[in-house]
Each structure stands twice: as C-alpha cells, then as structure tokens.
Protein chains: 2
Amino acid sequence: MTRQFLADPFGVPVAPAAEVAPPRVRGTKLGINVVQQIVNDIVRGVLNPGSTLPPEADLCDQFGVSRTVIRESVKVVQEKGLVRIEHGRGTQVTDPRQWNLLDDVVLTAIIAHDANLSFLDELVATRTALEADMAATAAVSRAGEEKLRISAALELMRSKINNVAEFAAADAHFHDMVMAASSNRLGRAIVNSIHDKARGSMRYHGEYNEAVMRRTLDEHQAVHDAIMAKNAEAAAAAMRAHITGSWSRRRPVPETDAPAAATRRQATR
Amino acid sequence: MTRQFLADPFGVPVAPAAEVAPPRVRGTKLGINVVQQIVNDIVRGVLNPGSTLPPEADLCDQFGVSRTVIRESVKVVQEKGLVRIEHGRGTQVTDPRQWNLLDDVVLTAIIAHDANLSFLDELVATRTALEADMAATAAVSRAGEEKLRISAALELMRSKINNVAEFAAADAHFHDMVMAASSNRLGRAIVNSIHDKARGSMRYHGEYNEAVMRRTLDEHQAVHDAIMAKNAEAAAAAMRAHITGSWSRRRPVPETDAPAAATRRQATR
DNA sequence: GCAGTGACATATGACATCGTACCTGTGACG
DNA sequence: CGTCACAGGTACGATGTCATATGTCACTGC
C-alpha cells in the first residue's frame with residue numbers, strides 16, 4: 001500500500017528526512033511504534049477507560065500499516081491489560097486496576113506521565129518493602145556461597161569509586177546479590193523489573209558525585225555487616241534506611257501532603 | 001481477566017499422531033491453546049533456555065493452525081518474556097530470570113509444575129512483605145474514609161461466617177481494603193495478581209471449616225485494631241503473623257530444609 | 001401491541017499467498 | 001588468505017478472502 005517511500009530504487013542512499021509520518025528506521029519493527037502510541041494514548045488519558053478503540057480498518061489507515069500489524073499490536077496491548085478485545089463488538093479500554101503495572105512499556109509511560117511523582121513514590125515504597133524483607137531473609141539464610149558474593153560485590157563497588165558508570169552498575173549488582181541470597185526469585189524479579197525505571201527517572205538531581213557515592217558505600221556496608229552478623233532486623237532496617245534515604249535525597253521536589261508511602265516510615269522500625 | 005483452563009498435559013510422551021483433535025469449541029480462540037501449550041512446554045522444561053523453537057511453518061503444522069495464529073501466539077509468549085524472537089534467526093527460549101512471573105498463564109504453569117512448593121513459599125513471602133508494609137502505611141494514613149471501609153469489610157466477614165464462598169470473598173475484600181488504604185497502587189496490583197493463585201493452590205488441604213474461619217476472623221480483627229490505633233508496627237506484625245500463620249497451617253507438606261523464606265521470620269519483628 | 005425472527009451492517013477471527021528484510025554459511029574469486 | 005556474492009532458511013509485512021460473533025432494525029405473526 002504505502003511502502004514506496006522506503007522502496008529505494010537506487011540502493012544505497014540513506015532515507016532523507018523528508019518522511020514525516022513513517023520514520024521506518026532499518027531494524028525497527030512496525031508493531032513497536034503502534035503499541036507504544038496506543039499505550040501512551042491510554043495512559044495519558046486520551047483514550048478513557050470504557051471507550052472503544054477505532055476498528056482495525058481505521059487503525060490501519062491511521063498508522064499507515066496493514067491489518068496484520070494492527071491485529072498483532074492490539075493483541076499485545078491486550079496482553080498488557082490495557083484493552084479487552086471482544087469478537088464482533090470492538091476493543092475497549094479497561095479499568096486502570098487491571099493494567100499490568102510491571103510491564104516495561106506501561107511502566108515507562110506511567111512514569112513519564114506521573115506529574116506529582118506519586119507513582120514513583122509508590123514504586124520506591126514497594127521496592128523498599130521487598131528488598132528490606134529479602135535482606136532480612138538473606139541474613140538468616142544458610143547459603144554461605146551467596147553471602148560471599150555479597151562481600152565481593154561490596155568490594156567491587158569500593159574499587160569503582162572513581163568511575164561513575166561502573167559504580168552504578170556495581171551498586172545494582174550489590175542489591176541483586178542480596179536478593180539472590182534470599183532465594184526469593186519472585187521478589188527479585190519484581191524488584192529488578194522496576195529498579196531501572198526508578199533510577200533512570202530520578203532526574204539526577206543530586207549528581208552522582210563522590211560524596212553521594214561514599215554515602216552509598218557506607219550504607220551498603222551497614223547492610224552487609226548486618227547480614228554477615230545474621231541480624232535480620234538490623235539488615236532490614238539498614239536496607240530500608242538506605243533505599244528511602246537515597247530516594248528522599250534525590251527526589252526532585254519535596255513531598256507535598258499526598259499520602260506518599262515512601263519516606264515517612266523510615267523511623268517506625 | 002482471561003479465563004484460562006489449565007490444559008491437562010498428556011504426561012511426558014511426545015504428541016502421538018492423534019493430535020488432530022480440533023474440538024474447536026464455539027467461542028474459544030485458537031491462539032490461547034497455542035500460547036498455553038508453548039508456555040507449558042517451556043516451564044516444564046521440554047524446551048530448555050537457549051534452545052530455539054521450531055520455525056513458524058513447523059508450528060503451523062504441529063498445531064494445525066495458520067501462520068497468522070502462530071505469529072500472534074509466539075508474539076504473546078514473547079510478551080511474557082519466555083522467548084525472544086529474532087528476525088532471520090529464529091525464536092529462542094530465554095533465561096528464566098527474564099520470565100514475567102506475574103503473568104497469569106506463566107504463574108499458573110509454574111505453580112502447577114512446582115513440585116516441592118518452593119515457588120509457593122516465595123510467593124507467600126513476597127505477599128507477606130508487601131501486605132505487612134501496606135498495613136503499616138495504612139495505619140498512619142490520614143485517609144479516614146478508606147479506614148471506614150476496612151471496618152465495614154471486617155463486619156461483612158463476620159456476617160458471612162455461615163457461607164464459605166462468601167466468607168472467602170469477604171476475606172479477600174478485607175485484604176484489598178487494607179491495601180487500598182495504603183494508597184500504594186503498585187503493591188496492591190502485585191498482590192492481587194498473585195493472591196488468587198496462592199489461595200487456589202492451598203485448597204486441597206485444611207478445609208475451610210468454622211474453626212479456620214473464626215481464627216481468620218480473629219487475626220483480621222487484630223490487624224484492624226492495630227490500624228485503627230494508628231500503630232504501624234503492630235499492624236505490620238499482625239498482618240505478617242496472619243499471612244505466614246495461615247500459610248503454615250495450610251501448607252500441604254512440612255517444609256524441608258530448603259531455604260524457604262515464608263515461614264521462618266514470623267517472630268523476628 | 002408486542003415478542004420473535006431474520007436480514008443486514010460492522011466488528012474481530014482465521015486462512016492462504018505473495019513479496020521483503022535479515023542472518024548465516026559456503027564457495028568462487030582476486 | 002581474505003573478501004565478496006549468493007543461496008537457503010528464517011521472521012516481517014501486505015493483501016485478499018472467507019468465517020464468525022454481535023448489535024440494530026424492519027418485518028412478521030400472534
């Protein structure tokens with residue numbers, strides 16, 4: 001149908017920037033754009049829950065792709081819980097409570113649209129609860145080999161204090177090793193799927209300078225020591241203080257009065 | 001949600017020639033069978049991580065459906081994180097750490113294949129950590145209306161003590177209201193997506209008799225009272241004791257010595 | 001007047017066929 | 001020995017056709 005713009009009659013030349021509607025970069029699949037746009041329209045509220053999406057034919061016209069791509073894309077969006085396809089009736093946007101909030105595309109769209117950071121606060125609160133619990137479990141775990149990896153991860157961080165990028169990677173690795181020591185694959189998977197988003201979205205308010213890295217290192221040391229001492233309560237408290245403290249120091253604007261759960265309970269345990 | 005019937009796996013042997021069984025029930029879509037079977041084959045280990053799925057043409061022949069259905073189904077499986085489709089190279093089974101463990105189909109398949117209940121233990125541990133934390137947050141929340149709903153939910157449970165099915169529904173509703181009072185939509189969504197699976201799987205043991213219901217009621221009352229008293233620590237402890245205790249009483253076989261995280265830490269806080 | 005029925009429009013479900021793009025191995029060629 | 005062209009296998013995408021589910025509405029029969 002409308003594929004001529006990429007049918008390159010003379011071979012080599014790169015696509016000129018003339019094409020406005022279809023970027024169509026080499027290597028990208030058409031469905032990804034369709035899925036992202038539909039997800040964004042739903043999350044941003046352009047398409048309200050209960051309303052119906054345009055029929056497949058209209059979407060084909062709107063996105064300039066074939067019905068094959070539209071069908072697969074809408075099915076993917078359904079898999080994310082954002083719409084419900086009904087044979088003969090159309091496709092309806094579902095209630096937000098049914099959305100798969102851990103899905104990468106959905107999570108990214110929600111965070112990007114999260115004006116007052118309330119969702120990021122919930123995300124940090126969830127991560128705090130899980131990691132604190134897993135740190136406590138790791139402290140009383142009998143898996144000695146896993147604990148050695150925690151110590152190794154801490155040493156790795158210390159050695160990367162001069163390289164911001166590698167330090168950040170070692171930071172994440174330390175957290176992952178703690179979770180691995182707890183043998184809770186489910187909790188580990190959940191945290192890992194939301195970890196990057198939380199970090200990448202906190203605007204690097206307080207840049208990763210040496211003071212921040214040293215503080216991070218100290219807090220990790222506290223977690224490490226509590227785990228090695230087999231002190232579950234101390235491990236949980238240290239991990240909780242580390243995550244909530246780190247978040248409150250980086251959070252762009254101070255909390256308003258919304259019932260954000262992340263930063264308030266640091267002292268209650 | 002999607003009503004999924006757990007396809008009874010025909011044991012281990014390879015599909016005999018009699019696979020040409022297209023019951024083709026009115027109203028069922030072809031894709032869900034394909035998705036379920038592929039997911040089951042991966043979770044059960046018939047398809048190992050790193051191995052490649054048969055090409056689309058072969059899958060068409062194997063399942064007796066068109067390439068359209070195969071393409072959509074494999075794409076759905078990819079969305080669940082179980083495979084990675086690569087243009088020109090084929091479809092490979094991914095590492096289990098990348099699986100979306102909260103997906104309905106995946107979760108059901110994993111639990112069905114969870115011989116020593118280790119995954120259910122992790123599931124309960126995760127749920128415990130999240131719900132205990134949310135109960136604590138609810139205790140210090142200023143949302144008065146939400147707290148009234150918790151009290152109402154408790155009364156509803158009390159009134160349904162003579163109806164097992166309705167009591168179970170009221171039970172779940174009470175938990176949901178506590179989570180709602182914490183304003184943590186993410187945590188609530190995570191717990192709700194794993195709640196049914198945990199409950200449904202612990203059924204064959206410890207029938208829901210009146211003694212169990214009364215004990216559940218008492219434990220819920222303790223959670224309720226702690227929240228109303230704005231005592232975060234007590235609320236978390238009560239919720240933790242309730243969930244882990246309920247699980248340990250229902251768990252079919254006693255824990256071995258595997259590092260299961262669910263039942264050990266009841267007393268550490 | 002009203003319930004049942006059937007035609008019709010509209011929507012998604014499924015199939016078959018064709019061409020394109022991508023990756024990899026292989027062998028000819030310089 | 002290295003490089004390039006080509007073939008084979010794979011997934012990607014378009015198109016056309018038919019099947020099936022659903023809602024609407026006029027028509028029919030009581």
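Each chain gets a letter, A, B and so on, in the order the sequences are listed, and its residues count up from 1.
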Side-chain-base donor-acceptor pair under 3.5 Å for B:His87 and D:dA11: yes
Ignoring hydrogens and angles, does a donor from either the side chain of A:Arg67 or the base of C:dG13 sit under 3.5 Å from an acceptor on the other? yes
[N] [atom2] sits how many Å from [X] [atom1], rounded?
X       : N      : atom1 : atom2 : answer
A:Glu72 : D:dA14 : CD    : P     : 10 Å
A:Asp61 : D:dA14 : CG    : C1'   : 15 Å
A:Glu56 : D:dA19 : CD    : P     : 18 Å
B:Ile85 : D:dG13 : CD1   : C1'   : 14 Å
A:Ile70 : D:dC12 : CD1   : P     : 16 Å
B:Glu86 : C:dC22 : CD    : C1'   : 11 Å
B:Leu59 : C:dA14 : CG    : P     : 16 Å
B:Arg71 : C:dG13 : CZ    : P     : 16 Å

Has the side chain of B:Asn100 got a donor or acceptor atom that lies under 3.5 Å from a matching backbone atom of B:Val106? no
Grab the two heavy atoms, one from B:Ile85 and one from B:Gln78, that are nearest each other, plus how far apart they are. N-OE1, 3.1 Å
Nearest to the B:Ser66 side chain among C:dC15, D:dA14, D:dC12, which nucleotide is it? C:dC15
Look at the side chain of B:Lys29 and decide which nucleotide, out of D:dG23, C:dT24, C:dA14, has an atom nearest to it. C:dA14
Under-4.0 Å salt bridge between B:Arg149 and B:Glu146: yes
From the options A:Val65, A:Thr91, A:Val74, select the one residue that forms a side-chain contact (heavy atoms from CB on, under 4.5 Å) with A:Leu59. A:Val74
Between B:Thr68 and C:dG13, does any side-chain N or O lie under 4.0 Å from OP1 or OP2? no
